[in-house]
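Scroll down for the structure; my scribbles are underneath it.
Letters go in sequence order (proteins before strands), and every chain restarts at 1. Note: hydrogens, waters and symmetry copies are ignored here, and every other heavy atom, side chains too, is used.
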Amino acid sequence: MNINKDSLYSMWVRLGVNFPSFEPLIEEPMLEDLIAKTSLIGRYEPRLIEAMSGWIQKHGDLLNSSLMHKCIDYGDSAVIGLISDLLDSKESTKFKSIQKYCKPKEKAEMLFFSAESSSVMKAQAIENATELNDKWNLYYVSLRIKTDAVYNRIEILKKNPNLARRALFGSEMRTEILNYLLSNKASFPSEIAKALGYRYHRVLEDIHNLLRDGALVQKSFNKKKEIRLSPLFDDYLRSIPF
Amino acid sequence: MKICAWRESDIQDIKSIGISKEDLIIIDENISHMALFQPDMAHKAQLVLSEIGIRKAPELNPDKITSLSELIQFYRENVGKDASIEEIKMWRKDIVSGVKPSFIAINFSNKNNLSIDMDLSL
């Protein structure tokens, strides 16, 4: 996976982190994908991990734990586990469910690669190690949870409509289906399930309910049922109240 | 301050900003002052300066090693590779249980010398 560190800074700026030297990304990034990528690249860039920790600490309710489970596979699962274990938030049940899918490092490592060459840092990290360090086998001298670098909720929701809909309707699969249809206009259940990484039958069940309640409309297309948002509901979803 | 409270994110800062001659004069003054009250901290700051290439690394004598960071540095110089975190954890455990860092250093220094001698005999 080729990940550009500058683009990660820009994505976090878009999501409301104050990195003054970076411009926000034009497209709204997917939070869980960004966390997975930051768990890898952030080991070279401590500030990315610190900002991510601050963001999750402050706005963890906007995190979709099912999507996070899928993204853990290509992120650094021990880093994600350690961070979610470190945070003190009312979202602790969600974080615990995420931790179930995270594995500690087999052998002890420094969290930040820059510390690998420093005997002073290694010594300090081991001398001040906590139970959490031993649990995840990741050691560090300093990991600040930078909540002060993260904008407040309204500022973030104003600029990120997908997160705004999570705030309004819950960080659940149904919201992700609606977000997907808003950006893709029309699609098929199998395509949505594949794109979001949900099980097909679960997506189909939610789509049936949304069709039943008039939020979605369908038409046959090459023997397949193409679905889209009903025009009125589309307008409704786009009028974010922030 | 950064040299004394050395953190991972500071490494990037020092690399990008650099340390001028004037900075170094102030750092030296601070370290000398600190040495009066917190000699361990002052010693650590000296080690940091050597790690970032500002100062020559002090020659470590295994008999005089008193801290875990010196032990790690001595291992690197003596064995020619970085100690793993697992090894450092083990040394830490030994030190906490009363073993002197110098004893551990002498131990792996002897082992290393023994293996060099064995290479020569081949």
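- Interface remark: of the candidates E127(A), E109(A), M110(A), K107(A), E127(A) forms the most heavy-atom pairs closer than 4.5 Å to chain B.
- Under the 3.5 Å distance criterion, the side-chain polar atoms of E155(A) are left unmatched by any main-chain donor or acceptor of N152(A).
- For Y180(A), the OH atom sits in a packed shell: over 12 heavy atoms of surrounding residues, nucleotides or ligands are nearer than 6.0 Å.
- Only the side chain of I11(B) comes within contact range of chain A, judged by heavy atoms closer than 4.5 Å.
- Taking non-hydrogen atoms and a 4.5 Å limit, the residue list of residues 83-91 of chain B in contact with chain A, ordered by number, reads A83(B), I85(B), E86(B), I88(B), K89(B).
- In this model, a donor atom of one side chain and an acceptor atom of the other lie less than 3.5 Å apart for D33(A) and Y74(A).
- Formation of a donor-acceptor pair under 3.5 Å by the Q38(B) side chain with backbone atoms of M34(B) is not found in this model.
- The local environment of CG in D88(A) is sparse, with at most 12 non-hydrogen atoms from other residues, nucleotides or ligands closer than 6.0 Å.
- Within the 4.5 Å cutoff, the side chain of E176(A) has heavy atoms near those of the R166(A) side chain.
- For E116(A), the part lying near chain B is the backbone, with the side chain staying farther off; criterion is any non-hydrogen pair under 4.5 Å.
- The number of heavy atoms from other shown groups lying within 6.0 Å of CZ (R55(B)) is above 12.
- Neither the backbone nor the side chain of F113(A) comes within contact range of chain B; no heavy atoms are under 4.5 Å apart.
- Between K37(A) and S7(A) there is no side-chain heavy-atom pair separated by less than 4.5 Å.
- At a threshold of 4.5 Å between non-hydrogen side-chain atoms, the residues E45(A) and Y9(A) count as touching.
- Identified by a heavy-atom distance below 4.5 Å to chain A, contributing residues of residues 93-101 of chain B are lacking entirely.
- Atom CZ of F22(A) has more than 12 heavy atoms from other residues, nucleotides or ligands within 6.0 Å.
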